[in-house]
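Structure record follows, encoded as structure tokens.
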Amino acid sequence: MARRLSLDRKISHSLYYFAAKITSFGYPASTDKFFRHFSSLLTLHLDHSFNDEILYYSFYPDSFYAYLIDNSTQKRHLNQIHARLLVLGFQKSGFLIKKLINGSSNIGEIGYARKMFDDFAEPDVFLWNAVIRGYSKHNMFVDAVETYWRMQFNWVSPDGYTLPHVLKACSGLPALEMGRQVHGQIFRHGFESDVFVQNGLVAFYAKCGQIARAMTVFDGLHDSNVVSWTSIISGYAQNGQPMEALRIFSEMRKTNVKLDWIALVSVLRAYTDIEDLNHGKSVHGCVIKMGLELEPDLLIALTAMYAKCGQVTTARLLFDMMKIPNVILWNAMISGYAKNGHAEEAVDLFRVMISKNIRADSITVRVAIVACAQVGSLDLSRWMDNYISKSEYRDDLFVNTALIDMHAKCGSLDMARTVFDRTLEKDVVVWSAMIVGYGLHGRGREAIDLYQAMMQAGVCPNDVTFIGLLTACNHSGLVEDGWWIFHCMKDYKIEPRHQHYACVVDLLGRAGYLDLAYDFIMKMPIEPGITAWGALLSACKIHRNVQLGEYAAKQLFSLDSCNTGHYVQLSNLYASARMWDHVRKIRIQMREKGLSKDLGYSLVDINGKLQAFRVGDKSHPRYKEIYEELESLERRLKQAGFIPHIDSSLHDLNNEEIEETLCNHSERLAIAFGLISTPPGTTLRIIKNLRACVNCHEASKLISKLVNRQIVMRDANRFHHFKDGVCSCGDYW
DNA sequence: GTAGGGTTAG
């Protein structure tokens with residue numbers, strides 16, 4: 001307030017001064033009129049920044065207007081100045097109008113700049129540059145390139161200022177062929193030693209994935225500066241070669257070129273990619289030493305680095321340091337949470353962002369949708385769907401694909417299908433997302449039908465489409481269809497990857513064709529990996545084939561000796577064959593390697609809030625009621641003739657203990673709590689971190705009938721819909 | 001009036 005007052009005093013002094021001066025220049029207006037005019041310009045100027053220079057400029061109207069134009073950040077400011085200039089009789093082709101075009105172009109008011117530009121009879125190269133730069137700077141690359149060709153059509157030759165912007169437009173499209181032509185022109189016009197143009201070429205080839213060409217241009221540079229080095233370093237980082245990027249960085253350190261903050265950002269990106277926390281930290285140290293720790297974009301790179309390396313708390317500290325975080329920082333933090341299993345924090349942060357009216361971009365919403373899918377709550381997914389449908393992203397292809405995936409993972413195939421149906425111009429990924437969704441819910445037939453509809457629509461499948469189809473067949477026991485689909489792959493010249501082979505092994509193995517599955521593995525053209533042997537082992541467990549299972553396990557342990565899951569699988573296989581000695585041996589091995597079984601937990605969705613339960617959990621405030629409900633359920637199950645299987649690795653407990661442990665399984669607690677917390681008839685929605693166990697699966701089927709409720713359960717692999725005593729998976733999972 | 005960077009990835 002105090003500052004404002006003293007400014008006001010300064011202004012009023014300068015206003016009188018200005019008015020007196022300006023009339024002496026002979027402008028056709030009264031002092032009074034100019035007084036009002038100048039005062040409006042000053043208020044306008046106060047909208048952005050004000051400093052004492054204004055006192056100087058008030059003696060020179062031309063310079064004063066030039067100053068105003070240079071400092072304008074809004075179209076209405078430029079508009080007012082433009083109007084004044086015309087009223088004051090400035091020439092249409094004069095220096096100030098040129099400045100105005102340049103200024104509007106810089107702030108992104110390109111349509112406005114273009115209108116003034118089109119009024120020029122013979123625009124010079126400066127003006128062409130201004131328009132091209134405006135387009136290129138604001139991602140209107142097609143217009144930039146088009147204007148560039150039009151310029152040459154009008155016999156204006158590009159200069160050293162034109163070419164970097166044109167190259168940027170070619171990289172942004174990206175348009176490799178066009179950029180090559182521009183490269184030819186650069187050669188013909190003799191810009192081989194213009195470091196600005198050559199740096200533009202390095203960045204152009206790198207962005208188009210032509211990293212070798214980028215390197216050739218870089219090597220040919222007479223005097224490379226920090227921009228050249230940054231271009232080539234980030235080029236390698238962007239092309240998935242972080243190690244090479246870092247090697248070049250160490251080359252750079254041997255030269256006299258001084259690092260700046262953008263160079264550090266590129267180096268950080270490389271360390272982030274290889275998740276090298278230690279080197280990332282040392283760059284952080286360097287940042288602090290150079291006094292750059294408040295540089296917003298470095299803060300983003302550092303936040304992303306810590307988040308990607310799993311240090312979410314440190315990332316959050318940096319995030320909170322930024323006074324006015326921009327979208328990219330929000331994106332880095334939200335995705336950092338989502339990537340490290342903090343899906344709920346990711347969603348919470350997204351909600352904070354919305355509540356602060358910060359504009360989310362398409363990356364933000366995509367990350368947030370992925371986080372919602374991870375959380376798995378139906379209410380949350382509906383909320384997100386509602387948010388998107390009211391947003392500007394409702395027709396965004398990428399956003400809709402993520403939505404389809406989210407709805408499927410949150411248990412609502414109908415909502416997934418609604419989004420799918422309203423998505424126009426579906427590409428192969430949209431179709432695949434829907435097919436994968438059907439697969440997740442064991443709706444193999446629908447998946448195959450959709451695949452055929454996709455063929456009809458003339459969309460070519462890709463490798464993900466086939467993963468979806470094969471998984472769908474797996475989850476529905478469609479052995480023959482799966483086999484046929486696998487062989488369709490070669491019609492589209494798609495090389496099957498590990499996952500495809502594993503699907504087929506799974507498909508054959510689960511159906512009991514263990515020998516076929518084994519033969520299939522032996523005939524694989526690529527070295528069978530963990531996925532294929534893992535699928536065979538789990539099939540051997542289902543069908544109690546100890547000999548083959550042991551062989552598969554041996555292969556698995558030679559590939560990865562520290563995976564808990566494989567030991568548990570083998571131990572379960574032995575247990576199913578009642579080979580208790582072997583079970584014990586496996587347990588000892590696990591203990592020696594310091595491996596322990598993953599703890600199971602289940603979440604139940606009560607009015608959109610997820611409540612978590614572990615095995616034998618008694619931490620809930622209503623645990624007494626929950627256990628009473630559980631006991632009553634248990635009684636009713638027994639009356640209905642339910643006999644628990646005792647084949648898992650619980651052999652060293654006595655029968656009573658076994659039964660107790662089984663009915664204390666987290667999903668049973670979640671079901672019991674769901675029953676006492678919701679009105680009769682409400683569908684229960686449960687999310688489990690592991691695969692459903694045989695007993696709980698059987699019990700859930702029966703419970704759905706006894707209490708007349710639908711139970712929808714997402715386990716680590718797929719969905720189960722329990723209703724009237726049966727499960728949608730047909731006991732096939 | 002020039003150039004380089006950061007967030008995602010079904």
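Each chain gets a letter, A, B and so on, in the order the sequences are listed, and its residues count up from 1.
Distances shorter than 4.0 Å separate none of the side-chain N or O atoms of Arg366(A) from OP1 or OP2 on dT8(B). For Ser335(A) and dT8(B), the shortest distance from a side-chain N or O to OP1 or OP2 is below 4.0 Å. Neither OP1 nor OP2 of dG4(B) sits under 4.0 Å from any side-chain N or O of Gln238(A).
Following rounding to the nearest Å, Leu298(A) (CG) and dT7(B) (P) show an atom-to-atom distance of 12 Å. Summarising the geometry, the separation between CD1 on Ile69(A) and P on dG1(B) is reported as 12 Å, rounded to the nearest angstrom. A straight line from CE of Met406(A) to P of dT8(B) spans 20 Å, rounded to a whole angstrom. In this structure, Met454(A) places its CE atom 13 Å from C1' of dG10(B), rounding to the nearest Å. Between the CG atom of Leu167(A) and the P atom of dG4(B) there is a distance of 9 Å, rounded to whole Å. Going from atom CD of Gln499(A) over to atom P of dG10(B) covers 12 Å, rounded to whole Å. Note: CD1 (Ile369(A)) to C1' (dA9(B)) measures 13 Å, nearest angstrom. Whole-Å rounding puts the Asn129(A) CG to dG1(B) P distance at 12 Å.
Among the nucleotides dT7(B), dA9(B), dG4(B), the one closest to the side chain of Asn331(A) is dT7(B). Side-chain atoms of Lys339(A) lie closest to dT8(B) of the nucleotides dT8(B), dG10(B), dA3(B). In the set dG6(B), dG1(B), dA3(B), dA3(B) carries the atom at the smallest distance from any side-chain atom of Asn199(A). Checking dT7(B), dG4(B), dA9(B) against the side-chain heavy atoms of Val370(A) singles out dA9(B) as nearest. When the nucleotides dT2(B), dT7(B), dG1(B) are ranked by their closest atom to the side chain of His165(A), dT2(B) comes out on top. When each of dG4(B), dG10(B), dA3(B) is scored by its nearest atom to the side-chain atoms of Ile262(A), the top-ranked nucleotide is dG4(B). Side chain of Val367(A), nearest nucleotide from dT8(B), dG6(B), dG1(B): dT8(B). Here the side chain of Lys207(A) is nearest to one of dG6(B), dT2(B), dG4(B), namely dG4(B). Picking from dG4(B), dT7(B), dG10(B) the nucleotide with the shortest atom distance to the side chain of Phe398(A) gives dG10(B). In the set dA3(B), dT8(B), dG1(B), dA3(B) carries the atom at the smallest distance from any side-chain atom of Phe196(A).
Counting any heavy atom pair closer than 4.0 Å across all strands shown, Val226(A) reaches a base atom. Using a 4.0 Å heavy-atom distance criterion, Asp427(A) is classed as a base contact. Within 4.0 Å of Gly200(A), counting heavy atoms only, lies no atom of the nucleic acid at all. Counting non-hydrogen atoms under 4.0 angstrom, Asp159(A) reaches a base of the nucleic acid. If you check every strand for non-hydrogen atoms under 4.0 Å, Ala402(A) touches nothing. In this structure, Asn462(A) reaches neither bases nor backbone, as no heavy-atom distance under 4.0 Å exists between it and the strands shown. Residue-level contact check: Trp229(A) touches neither bases nor backbone, having no heavy atom under 4.0 Å from any strand. Contact annotation for Glu295(A): no contact, since no heavy-atom pair falls under 4.0 Å across all strands.
Looking at heavy atoms from C-beta onward, Asp119(A) lies out of side-chain contact with Ile97(A) at the 4.5 angstrom threshold.
Side-chain N/O atoms of Asp260(A) and base N/O atoms of dG4(B) include a donor-acceptor pair closer than 3.5 Å. Donor-acceptor pairing under 3.5 Å, judged by distance alone, is absent between the side chain of Ser231(A) and the base of dG4(B).
Checking Phe466(A), Tyr451(A), Phe420(A) one by one against Trp431(A), the ring-ring contact (aromatic ring centres under 6.0 Å, His included) holds for a single residue, Phe420(A). The only member of Asn102(A), Ile110(A), Val131(A) that meets side-chain contact (heavy atoms from CB on, under 4.5 Å) when paired with Phe117(A) is Val131(A).
Gln185(A) CD: more than 12 foreign heavy atoms inside a 6.0 Å radius.
Note: Phe218(A) and Trp229(A) meet the aromatic proximity criterion, with ring centroids under 6.0 Å apart.
Residues Gly437(A) and Ala408(A) share a closest heavy-atom pair of CA-CB, 3.6 Å.
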Carefully, step by step, assess Val145(A) and Leu173(A) under the rule side-chain contact (heavy atoms from CB on, under 4.5 Å). CA-CA 10 Å; Val145(A) 173; Leu173(A) 280 168; 4.2 Å; yes
